[in-house]
Amino acid sequence: METAKKHFFSDLGVMLGRSMRHISRSMDTIVTVCITPIAMMLLFVYVFGGAIQTGTDNYVNYLLPGILLIAIASGVAYTSYRLFLDKERGIIERFHSMPIARSAVLWGHVLTSLVSNAISVIVIILVALIMGFRSSAGILPWLAVTGILMLFTLALTWVAAIAGLSAKTVDGASAFSYPIIFLPFISSAFVPTNSMPTVVRVFAENQPVTSIVEAIRALLSGQPVGNDIWVALAWCLGILIVAYLFAMRAYKRKAA
Amino acid sequence: MKDTAIQVKGLQKSYKQLHVLKGVDFEVEKGNIFALLGSNGAGKTTVVKILTTLLKQDSGTATVNGFDVATKPDNVRQAISLTGQFAAVDEILTGRENLIMIAKLRYLKNPRQVADDLLKRFGLTDAAERKVSTYSGGMRRRLDIALSLVGKPHIIFLDEPTTGLDPEARIEVWKIIKELADGGTTVLLTTQYLEEAEQLADRIAILHEGRIIASGTLAELKKLFPSAKVEYVEKQPSLEEIFLAIIGKKEAK
Ligand SMILES: Nc1ncnc2c1ncn2[C@@H]1O[C@H](COP(=O)(O)OP(=O)(O)OP(=O)(O)O)[C@@H](O)[C@H]1O
Ligand SMILES: [Mg+2]
């Protein structure tokens with residue numbers, strides 16, 4: 001046990017190196033993760049944008065937070081996919097029969113998810129800049145945005161881990177992400193909620209995406225964030241903790 | 001204590017209702033090749049998973065290299081390596097990268113050198129820089145076994161190492177296994193091929209319906225064969241015939 005603990009970070013480094021190689025060798029995963037949100041951004045800004053009344057003059061600014069969440073939601077599906085393949089192909093068993101820190105195997109995937117999603121987020125922000133996105137935010141608000149996005153990624157990554165570890169088929173492994181990708185559409189990510197019918201509006205205003213989007217939007221535009229940031233943090237932390245516990249249980253079950 | 005590498009006593013395991021192992025006993029001497037023979041679903045993989053600390057038994061004990069698999073899994077893992085039933089290699093990495101990765105996880109001093117040596121030994125030097133996804137089944141299996149040799153573990157578990165290989169690749173794998181044992185490594189392999197056990201193993205155990213129904217050297221097993229049936233004097237009974245005869249006897253009871 002002691003030796004295994006001592007080696008955790010060295011093992012984690014090897015695991016991270018491994019899955020980062022996977023990502024750099026299949027750049028298409030990052031491209032796929034970026035392309036759909038970017039296409040959506042183009043569509044909403046240049047096709048629907050003129051007809052949408054958001055009360056701001058820069059629709060790209062309004063849209064960007066939701067687009068980033070969609071990108072992360074589709075990005076974690078690849079974490080689930082990679083985890084599923086490792087499980088199916090016996091790679092996890094190979095690692096677990098070796099004298100290494102077992103938890104490094106799972107944490108390697110989690111860390112990889114954080115890194116790869118950070119890359120897609122940066123790419124999308126760059127495209128948004130070209131499309132006219134501007135932010136007056138200083139370093140602190142940007143750090144806060146980074147923190148929220150990382151927390152959101154981490155929360156969804158643990159949800160992805162549950163899916164990847166317990167799925168029976170490849171499709172099953174990534175199916176969990178579809179409803180999450182869809183959530184921003186029933187939120188204030190694209191249009192303000194006050195134009196929605198009551199039932200939809202109540203849902204939209206009380207689901208996690210709205211508070212996260214509102215918090216990020218306020219931070220980026222230098223507005224006061226109010227309550228949204230705490231609600232957003234509570235959602236992210238809550239999901240993170242619950243998903244982490246279930247993922248760990250699924251992992252322990254797989255690895256007796 | 002004599003030189004026992006693996007000792008299994010009264011091992012039992014169920015998956016929900018399915019009682020797969022109903023009390024398995026066997027011993028493997030250091031430096032031997034031991035073949036666990038059984039048909040599909042006999043529980044070979046289950047035994048291997050318990051011995052390699054991937055699965056916990058319901059009852060019974062198993063010690064590997066002198067350590068109890070249930071209570072001292074970390075010590076067991078120091079001594080063993082596993083080549084699972086399906087090649088567990090990283091498809092997206094190259095052959096060399098796979099080996100270096102395992103060498104790093106075993107904290108070896110010179111991962112590159114270790115990788116180069118094994119690539120050479122397994123005839124994979126030319127394919128070393130290629131992604132494993134481009135490898136043939138035989139090459140993949142060779143790499144899989146090579147990965148298990150990184151760090152020179154004392155005891156190696158091979159779960160159906162030649163299933164799905166063509167005859168040529170199979171003979172190559174056999175050669176590798178024989179060399180391992182010549183070098184003093186203990187090998188436990190499972191197989192459905194009676195010929196494979198016959199070719200390789202110092203001792204053979206037949207796993208059937210949750211128990212070891214027969215075990216011993218090939219010569220000892222051959223003695224179990226009802227001699228009255230040996231009508232053609234010049235033809236030795238093959239393990240297959242012994243196997244069927246033993247199973248037939250059990251089922252007739
Ligand atoms: N995780 C599991 N859950 C439920 N049943 C299982 C599980 N793993 C194995 N079994 C069942 O236990 C029995 C023994 O399986 P095992 O894989 O040990 O057999 P095997 O001898 O290795 O077979 P094969 O030659 O097909 O590899 C089979 O009937 C199998 O269906
Ligand atoms: Mg099997």
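Just so it is clear: chains get the letters A, B, ... in the order the sequence lines come, proteins before strands, and each one is counted from 1.
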More than 12 non-hydrogen atoms from neighbouring residues, nucleotides or ligands closer than 6.0 Å to CZ on A/R25, yes or no? yes
List the atom of B/A88, the atom of A/R94, and the distance in Å for their closest heavy-atom pair. O-NH1, 2.8 Å
Does B/I92 reach the side chain of A/R82, with side-chain heavy atoms less than 4.5 Å apart? no
If we ignore hydrogens and angles and just use 3.5 Å, is the side chain of A/R89 paired with the main-chain N or O of B/V89 as donor and acceptor? no
Whatever's closer than 4.5 Å to a heavy atom in chain A on B/N75 counts as neither
More than 12 heavy atoms from other groups under 6.0 Å of NZ on B/K72: no
Take atom CZ of B/R130 as the centre, draw a 6.0 Å sphere, and report whether it contains more than 12 heavy atoms from other residues, nucleotides or ligands. yes
Would you say CD1 of A/I119 has more than 12 non-hydrogen atoms from neighbouring residues, nucleotides or ligands within 6.0 angstrom? yes
Inspect the surroundings of CZ in A/F182 and state if more than 12 heavy atoms from other residues, nucleotides or ligands are less than 6.0 Å away. no
For the residue pair A/I100 and B/R106, establish whether any side-chain heavy-atom pair is separated by less than 4.5 Å. no
Is it the side chain or the backbone of B/I102 that comes within 4.5 Å of chain A heavy atoms, both, or neither? both
Side chain from CB out, backbone as N, CA, C, O: work out which of these in B/A79 comes under 4.5 Å of a heavy atom of chain A, or both, or neither. neither
Chain A contact via B/Q85 - side chain, backbone, both or neither, heavy atoms under 4.5 Å: neither
4.5 Å side-chain heavy-atom contact, A/S10 and B/K104: no
With a 4.5 Å limit on heavy-atom distance, are the side chains of B/I80 and A/M98 in contact? no
State, to 0.1 Å, how close B/L105 and A/D11 come at their nearest heavy-atom pair, and which atoms those are. CD2-OD1, 3.7 Å
I'd like to check B/T52 versus A/E93 (side-chain heavy atoms, cut-off strictly below 4.5 Å). Are they in contact? no
Taking everything shown except A/Y81 itself, do over 12 heavy atoms lie less than 6.0 Å from its OH? no
Among A/A104, A/G90, A/S97, which residue has the highest count of heavy-atom pairs closer than 4.5 Å to chain B? A/S97
Taking everything shown except B/K178 itself, do over 12 heavy atoms lie less than 6.0 Å from its NZ? yes
Does any non-hydrogen side-chain atom of A/F95 lie less than 4.5 Å from one of B/M101? yes
Heavy-atom closest contact (B/L54 atom, A/R102 atom, distance): CD2-NH2, 4.2 Å
Within the side chain of B/R77, is there an N or O that forms a donor-acceptor pair under 3.5 Å with the backbone of A/H96? yes
CE/A/M131: more than 12 non-hydrogen atoms of other groups inside 6.0 Å: yes
